[in-house]
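Step one of this worksheet: look at the structure below.
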Amino acid sequence: MAKQAEKKNLESPADLEQYYRDMLFIRHFEEKCNVAYRQGKAGGYMHVYIGMEALAVGWMHSIRKGHDNVITAYRDHAHALLLGTDPVAVMAEIMGRKAGTAGGKGGSMHIYDPKNGMFGGWGIVGGHIPLGAGLAFASKYREDDKVTLNFMGDGAANQGVVFETFNMASLYELPCIFIIENNEFAMGTRLEYHAADTELWKRGAPFGIKSERVDGMDALQMKKDAQRIVDWVRKEQKPYLVEVMTYRYSGHGAADNDRQLYRTKEEEAENLKRDPIKRLEAVLIERNIANEEKLEAIDAEIQEIVEKIYAEADASPFPDVEEVYDNIYSDMTVEQGH
Ligand SMILES: Cc1ncc(C[n+]2csc(CCOP(=O)(O)OP(=O)(O)O)c2C)c(N)n1
Ligand SMILES: [Mg+2]
């Protein structure tokens, strides 16, 4: 009986294949970003999500795309890509081109696309957390039934403004999900060196916020947990705090080539065994949704798509010098009704 019930809860083969494609797309897209950076085609700061893809897939498939709000820090490509932001515009922004989401003037850390519910892309650690609560406050005020996903890193979870926001979100009962992407590092500083209590999920309790810790390396489990929490917040109209356990395979940013200064090769190898993409691959094979041949074909197809995106972005010109003072102030919020 229990087994049958469990089977009922399984996503369809098409869903599983979609999660797989999405994770692989993020991985290849960002591998290409790294190449662009090394070739001098992308500048400034750039931080990839490699190793953390299951988070973006689980959460973005649990919300109403184009309706709900998402805000995050500078590790922001995956969130935008899965919300439906034009991938050429994302790549072009990373490359500083006119076709970018901010006309090439924001760069990798500032992917902004409110029409698809993507409110950035922010570089000040913890600085966007009150902005996310503001989005949730607007939803509550307008009774528009939106949920806000407010992502932050484990390092960001130490910022004072985050605690102030927890207090107000709880006090005002905001439909806001605080998602701590615990990838075990804040730049080169390990979790246990920066957090007095490494169980970050406990930080919601003093404010009366329902909180828990979940696994972010298993896309299917992530989706299940994310869906349950999103549904709860939408119904109860109260905040929630989730610590998602994950691991950053890459360096902090594209310029971080010295990972071995703060972690060993053995640790990296151990964590690679938990690769969320490989894990879902195994499920696809086990459930006869795909065989090795099909997986290879999907991989080749996605690599080709990414190459096309890159070529299209690379064909876009740089912004004109005359545009340098444009869009510094904007009344977009009023125009778009957000
Ligand atoms: C207020 C502030 N302090 C310091 C920095 C420099 N800085 C950039 S990223 C970062 C680490 C943040 O780590 P975490 O929140 O865990 O996010 P992750 O990079 O792991 O996604 C720091 C200290 C900053 N951008 N803003
Ligand atoms: Mg971190």
Side-chain angles (χ1 to χ4, degrees), residues 26-27 30 33-34 37 43-60 70-82 94 106-112 118-133 149-166 177-204 213-217 222 241-259 261-263 267-268 271 274 276:
I26 299 166
R27 176 82 48 105
E30 292 200 313
C33 293
N34 278 335
Y37 192 89
Y45 292 102
M46 192 184 80
H47 314 79
V48 293
Y49 211 62
I50 294 177
M52 302 165 64
E53 296 89 346
L55 265 106
V57 167
W59 287 102
M60 298 314 151
V70 175
I71 190 164
T72 187
Y74 43 80
R75 206 176 291 285
D76 59 350
H77 311 158
H79 307 75
L81 291 172
L82 293 195
I94 293 165
S108 160
M109 301 203 291
H110 302 110
I111 308 297
Y112 184 72
M118 176 63 178
F119 287 87
W122 298 84
I124 303 300
V125 170
H128 67 281
I129 301 302
L131 303 183
L149 302 186
N150 204 343
F151 289 91
M152 74 188 95
D154 47 289
N158 295 321
Q159 291 292 72
V161 73
V162 170
F163 297 99
E164 293 180 41
T165 309
F166 287 168
I177 308 178
F178 298 101
I179 303 163
I180 303 176
E181 300 172 328
N182 183 353
N183 61 12
E184 298 192 26
F185 297 95
M187 297 186 87
T189 308
R190 299 191 79 95
L191 178 67
E192 53 271 34
Y193 288 116
H194 74 64
D197 185 342
T198 54
E199 291 192 62
L200 304 176
W201 67 278
K202 289 182 180 167
R203 296 182 179 192
R213 181 184 250 185
V214 301
D215 178 8
M217 296 303 268
M222 182 74 266
L241 188 150
V242 201
E243 178 188 13
V244 187
M245 305 308 283
T246 182
Y247 193 81
R248 195 190 75 204
Y249 288 161
S250 60
H252 167 68
D256 172 8
N257 294 317
D258 292 319
R259 299 200 297 263
L261 286 177
Y262 55 84
R263 68 193 198 198
E267 177 183 322
E268 288 190 4
N271 276 289
R274 305 196 291 149

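For ligands, and for the atoms within them, numbers begin at 1 and follow the listed sequence.
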Exercise for review: Just the protein N/O/S atoms under 2.8 Å from the Mg ion (ligand 2), please, no waters.
Suggested key: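 Under 2.8 Å from the Mg ion (ligand 2) - ignoring waters, which are not counted - the protein N, O or S atoms are D154 OD1, N183 OD1, F185 O.
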
Point to revise | E243 to T198 - nearest heavy-atom pair and separation | key: OE2-O, 3.7 Å

Check your understanding: Looking only at heavy atoms, which two atoms of H128 and T72 are closest? And how far apart?
Key -> NE2-C, 3.5 Å

Practice item. Kindly assign one of parallel, tilted or perpendicular to the pair Y45 and H47, based on the angle between their ring planes and the thresholds 30° and 60°. Key: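 The arrangement is parallel - the two ring planes meet at less than 30°.
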
Review point. What is the ring orientation for Y247 with F185, classed by angle as parallel under 30°, tilted 30 to 60°, or perpendicular over 60°?
Key: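 Geometry flag for F185 against Y247: perpendicular rings.
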
Review point. Is the backbone of I129 close enough, under 3.5 Å, to the side chain of N150 for a donor and an acceptor to pair up by distance?
Key: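 Between the backbone of I129 and the side chain of N150 there is a qualifying donor-acceptor contact (under 3.5 Å).
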
Review point. For N271, does its backbone N or O pair with a side-chain atom of Y249 as donor and acceptor, under 3.5 Å?
Key: yes

Please tabulate, one line per pair, the protein N or O atoms found under 3.5 Å from any N or O atom of ligand 1, giving the distance to one decimal.
from	atom 1	to	atom 2	distance (Å)
ligand 1	15 (O)	G155	N	3.2
ligand 1	15 (O)	A156	N	2.8
ligand 1	16 (O)	D154	N	3.2
ligand 1	16 (O)	D154	OD1	3.0
ligand 1	16 (O)	G155	N	2.8
ligand 1	16 (O)	F185	O	3.0
ligand 1	17 (O)	Y74	OH	3.0
ligand 1	19 (O)	Y74	OH	2.6
ligand 1	19 (O)	R75	NH2	2.7
ligand 1	19 (O)	H252	ND1	3.4
ligand 1	20 (O)	N183	OD1	3.1
ligand 1	20 (O)	N183	ND2	2.8
ligand 1	20 (O)	F185	O	3.0
ligand 1	21 (O)	R75	NE	2.8
ligand 1	25 (N)	G123	O	3.0
ligand 1	26 (N)	V125	N	3.1

Check your understanding: Does any donor atom in the side chain of R203 or N158 lie under 3.5 Å from an acceptor atom in the other side chain?
Key ->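 Short answer, yes.
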
Review point. Between S108 and H77, is any side-chain donor less than 3.5 angstrom from a side-chain acceptor?
Key: yes

Check your understanding: Can you tell me how far the CD1 atom of I124 sits from the CD atom of Q159, to the nearest 0.5 Å?
Key ->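 Rounded to the nearest 0.5 Å, the CD1-CD separation comes out at 9.5 Å.
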
